[in-house]
Every structure is written in C-alpha cells, then in structure tokens.
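Structure record follows, encoded as structure tokens.
The chains referred to below are lettered A, B, ... by the order of the sequence lines, with proteins before strands, and numbering in each begins at 1.
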Amino acid sequence: MLEDFFVLDFSYDVVDNIPVIFIWSIDRRGNRVTLVEKNFRPYFYAVVDDREDVSRVISEIKKLSKPSSPITNIEIETDRRYFGNPLKSLKIETVVPAYVRIYRDEVSKIKGVKNVLEADIRFYMRYSIDKGIKPFYWIKADVEEIQPKEIFKVKSEKLYLIKDILEIYEAEEPRLKTMAFSIEVYNKYGFPNTRRDPIIVIGVYTENGYKQFISSDYDDINVIREFIKFVNDFEPDIIFGYNSNSFDWRYLVERAELRGIKVAIGRKVNSEPSQGVYGHYSVTGRLNVDLAGVFCSSRSKSLIDLADNLGVMPKNKREILEWYEVPRYWDDKSKREILLKHNLSNIKSIYDIGQSNLHYLIQLVKVTGLPLDQLSMASSGHRIEWLLVRESKKYNEFIPNREERRTEASDEGIIVPPVSGLHNNVYMLDFSTIYPSIILKYNISPDTLVRGDCSDCWTSLNGNYKFRKDIKGLYQNVLLNLSAEIERREEIIKTLDPEKRRRLEEELRALRSILNSFYDYIRWTNARWYVKECAEGLFEWGRELILQILKIVKESGFQVIYADTDLMFFKGENDPKKLEEDIANRLSLNLKFNKFYTKLILLEGKKQYAALTKDNKVDMVGIEDYRNNWCDLAKEVLQNVVDQVLRSDKINEAVRYVKSVIYSLRRGEFKIEDLVTWNIIDKDIEEYKFDLPHIVAARKAMKSGHLVTRGSKIGYVIVKGSGKLSNRAEPYFMVKEKSKVDIEYYIDKQIIPSALKVLGLFGVKENTFKFGGTDVLNFFKK
DNA sequence: TATGACCGGGG
DNA sequence: GTGTACGGTCATA
C-alpha cells in the first residue's frame, strides 16, 4: 500500500546477521510509525592504480571474504571522480556494516590499491544519502505492514516494511512533540560523582506546563522511574536539554545502572540513551537536542547568559542558586521551594529557547541532511561537510577521506592591527558575507582548481591560483542553491504580516548562517574537501576586496581601528548610509554595517574585544576564553571591570572596584567557593608523575576518606604555607577556616591579572592595586 | 619551539 | 557503531 511518512531519524540493527535500517517517522494521521528497510547493504570503494591488472586485484579481494559477512559483490566503476578527476575504482559490497572497517584495512594493503574511499560513512547515513532521503522531509513509499518480531519491537503502533520509495518531498511538518528537561544533583563535595551523589530533582517542561520529580531525601530510584514513565507516556519527538550530552544523560544512565534499572525511554523496546557521534547521546526514535551545542559550539556560555541574550528569560526574572547552595537548599527542607524554582527557571528557559528556534533547527536539518540530534552537536564545518557529501553524490564525486592535517601557523588575517583602548560610536562590518560572492565570482572549488597552465581560468593577481571557467564547481552549485533559497524567502517575507514572518525569519537565519560560514569551511584544514590552494586563493581575493573597501571607508572620513579577514571596526561622524551606497556603487557589493556599538574596548590580540550595543548589552568576544582555570571571583572581576569601563567610561571607578575586592579579601569578606579552581582527574591517580595542584588536592581528599575516581572533578583552593604551590592545594570543602586561604596568592595570580587584562590598556599597573599608587591619575593628566 | 594534556558547561 | 567534538591555552621536554 502507498503511504506518506515524515522522517524524523534513522538507526540500524543487525538481525540474524542481516542489517536492518529503521526510519523513525510520523504518518499523515500523526501516528508515530517505524519503517523497516532490509535490502540495503554496506559498501566502500578501492581505488586501483591504472597500470595494475584489475582482475588480479578483484581476485585478491575475493579471497578476503569471510563467512560471517561475505563480500557479495565487486563492481568496476570508471565514471566516478576524485576532486574532479576520473578514477578507476572497485565498489566492494558486504553484508554486516561493521565488516566494512575490517575489509577496508585488508583491501588497502593489497598491491595495486592506491586508496580506500567512503568506508567511514555511517551505515544509515549511507542509506539516507544514496536514497536521497533527508530527515524532516516526507517520503511516499510502497509499504507492507508487518508484525513486530522480538528484535523489531518498537513502541509505536505500526511497523512497515519498505518495498519501494516513490517520492521524497518537502511539505509542512506534522506537529512535533517537544520536551525540555534538566536534573539537579546533591553536590555536597564539589562536582557530583555518580557513585556517591543522588539526583534530587528532575524537571520536565512541555506544552502542558512543567512537572518536577522530587527525590525522597537522598534516594533517587523513584525519581528516575517517574522520569522514565513520563517520557514513555508523553512520547516526545524532540528532547531539549542544556549540556545534557555532557552531563544529564550520562548521570541519569549511570545512576540508574547503579540501582539496576534501565533508562528505557527510546521508541525501541528497552533502548537506553547511548553515546554516538560528535559526543552526543542518541535516544532511539527521538531527537535528543543539546541546546548548548547549538548556540555555544565554540564559546561556552551559561544557560543564564544564553537565555538572557536570546531574550527568553532575563537574568533578573529567574531564580539563581549558586552551585554550592544546592545541597544547603536541599538539606534544609524549608528552603527546597527555592531549589525547585531554580530548576523551573532552567527547564522553562531550555524549553523556550528550543521552541523559539525550532524552525531554525528544522531548516538546518533540511539543508545539511543531518538528523537533528547530530546536527545539534556538529560544528559549522561538519554541517557544511554533510551538505557537500549529499551534493557531491549528484556529480559522481567521491567523498574524500578525513585526514589529520596540522594547522600551519600563518600571519593570515590582520589587515589593520587593532588600535587598542576605548572607542566611542563604532561600526562593525562582518566580512563573512563577502566570501560567498568571491567563491561564486571566481568559481573557487576543489574540482575546478588547475595546478598547471590554464588558458581559460580565473587567475588570482599573483597568478598563483587558477580555477576553471568552463564548468560549474561543486561549491558554486551549493552556494547558488543556498542563495536561491534565501532569495525565495526574502520575496515571500515582504508580503506577510509581521506575526507570520517569524518562521521565515528563522529559516533565513539558518540559510544565511550556512552560506556565511562557507569560507570557514574552506580554511578548515581537517575538512574532507580541504585544498590549500582554494583557501589561499579565496583569502587572496578576499584581502584584495577588503583593501578596496578599506580605501572607500577611509575616503569617506572614517577611521578604521581594526580589520582582519572576518571583520572590520571603524568610527567617525559621517553618514554611514552614504558609505553603504558608495561601496554598493563602486564595488557592486551590498554590505550592511551589522552592528553599531556605542562603546568598544579593543584588546591587542586578534578578535578580542568587549562592546556595548545600542540597547545597552555587553558583547564580549575572545576575552572570556581567558577563564581556563580561573576561579569564579576572577571571572566576576573581569566581567565587572568590562561593565564599568563600558557603562561608566571611568577607569578610576573600575580601579576602585578592583581595590574594594582586594580589601574585602584581606578582611576575610569572601566565600571560599568563589576562589575554587576546578580540574578533572582524567587518569588513575597513580599515573600522574608530577605533583599538579589538583592531584595533590585529590590525594588529600582520598586520605580523608572522600570518594575520588577517574573522571572526578576536583575543586581546590591554595592555602597559606611555604614550599611548592601544588603542595598548598587543598580540597575546598576541607578548608574550614577562611583565614587559612592564601589570599595574597589569589590577589596576585588571579584578581590582579584578570583586572589588568582590560585595565592594562589604560596604563593601570600591578602596583596600582598593590600599593595604592597614583599612576592612573598621571596617565589621565597626559 | 614542538608536543601533549587539559579546559568549557552541566551540579 | 562503516564511531568517539573543537579550538584554544598552558606546562613540560
């Protein structure tokens, strides 16, 4: 019978030595159903040297065949290309996906085999690519209902065997059931350890509001059971979390295991969340989305900051508990209400962030073809790579292997070095939008690159880089498709009332983010399609264009205070609209000044700045990275110094603030928890050869009978005394008197350096804080 | 100067 | 699961 299905996700199992692909779907009536494909087989390619006797290579490959997964077919292929060049290859098919790796290694050792390709594409992705099925698309298929066998047992009502796929099309998606969750853990001895610390609350948030499962004091077995039951009853398609891939799921599964229960929440009977690619957890048949991966892929952000930035939940409207207050608010039953409010703030903001970005995520999935759970953890480079994988299929291009390439140190980038210091009324120009047009104009692509002579090529100024004119490159095709999708939506959006625009705006945001991060892919050295000349050519042309823009900006009376390959800052009193027009007229470039900052602190390094937006929000870039191994107080000092300089403009006030922090420390007015440094014990403790501070602290904790295991995260403070610093590290919870803490260490090594990161730009010196010097005042007299 | 170990955010 | 992120900084040789 013919039916339509909306595709959510794929997975596979090996049943009776045969691979079976599951397509987790929703039918036209909104039922969750599962499609089963039994006729697809794994394969890979061996590239054969032209001078070799192919039949000999084939017979040698045949000899490798093993009964547990025989080599079922070998075909000679001559029309497939590798970086644009035709290659002779053998397509080698087997039965069990895991044997692809085994055969790949053996085949690559055969004489005459130059290379082995496409052996590292996950089986169900291979299926989805070959059949052209993308998640969040609809398929029309000829299917036959089958009864669930033991191994096929799924919780959905119906199971269909695929006989034929007739059509794959885009249409309105069914209503997706979404849910957010977050767990709270009793963390009396620092970062929670699954062997010791119970889960005390699990909060879930859905369209029906919230529910909290609360432990009976210190036993979490029923909390976990109630959560499992809730998920199975609610049957979410999407589960949102925040850092759930690195914390919540692992903690839940491990706690459950300790108590002998399974977190069986997948759509397949008895399936637990399990770790998959890109460090994500997969829940069979459901899309597990870690929003931290979506919004903070390179720079980490707290949920509080993210929700505030996205306008989902302002900081002052939420309940905030510091991590060390959690056990106190649990032990004291009269305070538990506040702990629950804290959890509610978390799950509500996770849910709202997810909901308000659902179409953004759906669009990213539709473009890249990555299932949502994987997409949420994949970097922008990986997203583009999967788009290319699908696109290359259309052109008979091989998917290149992943290769480890060392990033070469380069002086690439800086065009105008940063004029460090404080600036007023600054425009920012994001150059990421100029690169797609350069790639298109010069047809830059791995398959159009010409290394020798070329009579009909786009050639860079210095003649180093040449790209063919006669064919359309892979990249050009991809970018043209993306641009067309963008333009189509831009046309429609004009005709809609504001409230109906939201969905299209989200889709546009997704499409533009892919388009504008394409240049980042080209220079990503570990990319499958990385070609040095493409990266260098692009940035040579880019640099040329940026220099032209720079010239116009300067001629228009603006001062450029920083420019590199990604962005430019400039300031001045003249009319920016006029400048936009000038650039448009003279360079045929439609550039928008993305941001206007009323205040900008520019540091000396590459892409390091803090700025105040028109609506009085602080943007910090490249500065927070400094927080590795810094205590909370040092981070807070940096944040406050930036805030004061930006908002009040008065360096002296920021200096006074830092001094007040130092005085408070010396007077003993501080919390030990604010001075804690955190480190993970990644090895068995005996394996450490050196006395690193966190290892010494861990040994002390163990000696006092505290649980420390591989993977534990140790929080320590430095106490007074003599000798090596590491020997003065103590687990923070073992330091009972504040007077024991070596305050001068924190002042010298954490607070002052943190403050000087920014204040140093204004002539403030270490001595200013140490001896109350007057060099700041002198600086301003100049 | 190169190499390897470690970090984030979650509590 | 045809697997094990990323991009950066710091310590040590």
Length of the line joining [X]:[atom1] and [N]:[atom2], which is rounded to integer Å:
X: A:Q750; N: C:dC10; atom1: CD; atom2: C1'; result: 14 Å
X: A:W524; N: C:dA5; atom1: CH2; atom2: P; result: 11 Å
X: A:Q374; N: C:dG3; atom1: CD; atom2: P; result: 13 Å
X: A:M377; N: B:dG8; atom1: CE; atom2: P; result: 15 Å
X: A:Y324; N: B:dG11; atom1: OH; atom2: P; result: 15 Å
X: A:L117; N: C:dT2; atom1: CG; atom2: C1'; result: 13 Å
X: A:M620; N: B:dG8; atom1: CE; atom2: C1'; result: 15 Å
X: A:W249; N: B:dG11; atom1: CH2; atom2: P; result: 15 Å

Are [X] and [Y] in a cation-pi contact, defined as NZ or CZ under 6.0 Å from the six-membered ring centre and within 45° of the axis?
X: A:R336; Y: A:W330; answer: yes
X: A:R104; Y: A:F44; answer: no
X: A:R250; Y: A:Y281; answer: no

Any [X] side-chain N or O less than 4.0 Å from OP1/OP2 of [N]:
X: A:N679; N: B:dC7; value: yes
X: A:R101; N: C:dG1; value: no
X: A:Y189; N: B:dG11; value: no
X: A:S182; N: B:dG11; value: yes

Open item on the list: I'd like to know if the side chain of A:E254 pairs up with that of A:T194 as donor and acceptor (distance under 3.5 Å, no hydrogens or angles considered).
Closed with: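 The criterion, which ignores hydrogens and geometry beyond distance, is satisfied for A:T194 and A:E254.
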Open item on the list: Taking ring pair (Phe, Tyr, Trp, His ring centres under 6.0 Å) as the criterion, tell me which of A:Y218, A:F191, A:Y251 meets it with A:Y186.
Closed with: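 Testing A:Y186 for a ring pair (Phe, Tyr, Trp, His ring centres under 6.0 Å) against A:Y218, A:F191, A:Y251 leaves exactly one candidate, A:Y218.
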Task: Neighbours of DNA chain B within residues 191-198 of chain A, by heavy-atom distance under 4.0 Å - done: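 Only A:F191, A:P192 qualify.
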Out of [options], which nucleotide sits closest to the side chain of [X]?
X: A:F123; options: B:dG11, C:dG1, C:dT2; value: C:dT2
X: A:N243; options: C:dT2, B:dG11, B:dG9; value: B:dG9
X: A:N346; options: B:dG11, C:dT2, B:dC7; value: B:dG11
X: A:Y242; options: B:dG9, B:dG11, C:dG3; value: B:dG9
X: A:V100; options: C:dT2, B:dG11, B:dG9; value: C:dT2

- [ ] Taking the six-membered ring for Trp and the full ring for Phe, Tyr or His, determine whether the centres of A:Y519 and A:W524 are under 6.0 Å apart.
- [x]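 No.
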TODO: Not counting sequence neighbours, which residues clear side-chain contact (heavy atoms from CB on, under 4.5 Å) with A:N193? List them please.
DONE: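 Listed in chain order: A:R195, A:R196, A:D197, A:L707, A:T709, A:S712.
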